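The model shown is predicted, which means the values in this text are computed figures rather than measured ones. Both backbone and side-chain heavy atoms feed into the values below; hydrogens, waters and symmetry mates do not.
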Amino acid sequence: LPPSGVDSNVFFSGAFTAMWFSAVAPATLGMLSGGVLPALFMAPFWLAGGVIAKTAIVDPFVSSKLTIGDFLWTIEKTYFRRIGKLTSKTKEGSTESLKGSSVEVGLVVNNVPRYELRLFFDGETLSFGNGLSYDELEYLSKTINEHCAEIAKNQKLQ
């Protein structure tokens with residue numbers, strides 16, 4: 001799956017992040033005058049700002065590659081591929097541990113849901129496909145689920 005790229009939502013998230021931190025940073029500095037404990041009150045605000053910043057700075061440049069074989073599945077997330085492969089994260093597991101996928105709402109921005117594809121395995125989930133339309137994600141989910149069912153069927157025949 002290619003990276004979603006920069007669009008108007010990225011610019012809005014970036015502008016909102018700048019405004020958010022321009023308010024949170026001075027408030028945190030003011031609270032530091034009272035000691036470390038009062039400043040810890042601001043930690044959730046920094047965390048929320050970080051999540052929004054991630055949607056503007058990192059998420060538009062993440063590409064994903066899912067491979068499902070007879071015995072092993074692998075997903076590789078590559079960050080900033082177009083400006084040189086800066087980093088890559090890989091997760092893998094046995095194909096029999098793969099339970100399937102579904103399309104779910106990952107984030108709501110301005111009352112508009114952003115969907116993502118969730119891959120289920122061994123009681124865990126892995127999300128990818130940010131930036132794709134609901135229909136594209138639904139097609140991918142259906143294809144993944146059909147492929148997993150076919151592999152399970154073939155393994156039972158052996």
Side-chain angles (χ1 to χ4, degrees), residues 1-21 23-24 42-158:
L1 303 174
S4 62
V6 178
D7 60 7
S8 62
N9 289 326
V10 170
F11 288 115
F12 173 76
S13 295
F16 183 82
T17 299
M19 291 186 314
W20 183 267
F21 285 128
V24 171
M42 296 302 292
F45 296 97
W46 282 96
L47 182 63
V51 169
I52 295 169
K54 180 184 170 287
T55 64
I57 298 169
V58 176
D59 289 352
F61 305 104
V62 176
S63 62
S64 303
K65 179 180 178 183
L66 175 65
T67 307
I68 303 173
D70 289 338
F71 304 103
L72 182 72
W73 63 266
T74 306
I75 186 163
E76 180 181 14
K77 289 186 176 185
T78 305
Y79 300 88
F80 302 102
R81 184 180 70 190
R82 289 187 182 165
I83 56 174
K85 186 177 177 182
L86 292 183
T87 185
S88 179
K89 288 185 181 180
T90 303
K91 182 82 172 174
E92 59 186 28
S94 67
T95 301
E96 64 185 29
S97 71
L98 194 57
K99 305 300 180 211
S101 67
S102 70
V103 178
E104 298 182 17
V105 175
L107 185 65
V108 178
V109 178
N110 294 330
N111 292 326
V112 176
R114 288 193 173 180
Y115 297 98
E116 61 189 16
L117 192 60
R118 294 220 177 131
L119 196 62
F120 300 99
F121 59 97
D122 288 335
E124 295 181 51
T125 61
L126 190 64
S127 300
F128 63 102
N130 297 336
L132 294 178
S133 71
Y134 179 83
D135 293 335
E136 291 170 319
L137 292 172
E138 190 66 35
Y139 174 78
L140 287 173
S141 179
K142 179 182 172 198
T143 303
I144 291 168
N145 290 334
E146 287 174 355
H147 187 66
C148 288
E150 187 67 29
I151 288 174
K153 180 179 145 187
N154 288 339
Q155 286 178 345
K156 287 181 183 177
L157 292 175
Q158 294 175 359

Check your understanding: If we only count heavy atoms from C-beta on, is the Thr78 to Glu76 side-chain gap below 4.5 Å?
Key -> yes
Check your understanding: Short question: side chain of Ser141, backbone of Leu137 - any donor-acceptor pair under 3.5 Å?
Key -> no
Review point. Can you check whether Ser13's main-chain N or O pairs, donor with acceptor, with Thr17's side chain at less than 3.5 Å?
Key: yes
Of the non-hydrogen atoms in [X] and [Y], which two are nearest, and what is the gap between them?
{"X": "Cys148", "Y": "Leu98", "result": "SG-CD2, 3.4 Å"}
{"X": "Leu119", "Y": "Ser101", "result": "CD1-CB, 4.1 Å"}
{"X": "Phe21", "Y": "Gly50", "result": "CZ-N, 3.7 Å"}
{"X": "Ala48", "Y": "Trp20", "result": "CB-CZ2, 4.2 Å"}

Study note, to complete from the structure: Applied to residues 98-126, the ring pair (Phe, Tyr, Trp, His ring centres under 6.0 Å) test, sequence neighbours excluded, yields Trp73-Phe121, Tyr115-Tyr134
Exercise for review: Give, for atom CD1 of Ile144 and atom CG of Leu117, the distance between the pair rounded to the nearest 0.5 Å.
Suggested key: 4.5 Å
Point to revise | Ile75 and Glu92: CA distance, side-chain angles, deciding distance, side-chain contact (heavy atoms from CB on, under 4.5 Å) verdict | key: CA-CA 6 Å; Ile75 186 163; Glu92 59 186 28; over 6 Å; no
**Study point:** All salt bridge (charged side-chain N to carboxylate O under 4.0 Å, His left out) counterparts of Arg118, not counting sequence neighbours
**Key:** Glu104, Glu116
Check your understanding: Taking only residues two or more places apart in sequence or in another chain, which ones pass salt bridge (charged side-chain N to carboxylate O under 4.0 Å, His left out) with Lys91?
Key -> Glu124
Check your understanding: Lys65 and Thr67: side-chain contact (heavy atoms from CB on, under 4.5 Å), yes or no, with the steps?
Key -> CA-CA 7 Å; Lys65 179 180 178 183; Thr67 307; 4.1 Å; yes
Exercise for review: Begin with the C-alpha distance, continue with both residues' side-chain angles, and end with the deciding distance and a verdict on side chain to side chain donor-acceptor pair (under 3.5 Å) for Thr143 and Glu146.
Suggested key: CA-CA 5 Å; Thr143 303; Glu146 287 174 355; 5.3 Å; no
Point to revise | Test side-chain contact (heavy atoms from CB on, under 4.5 Å) applied to Val24 and Met42, step by step | key: CA-CA 8 Å; Val24 171; Met42 296 302 292; 3.8 Å; yes
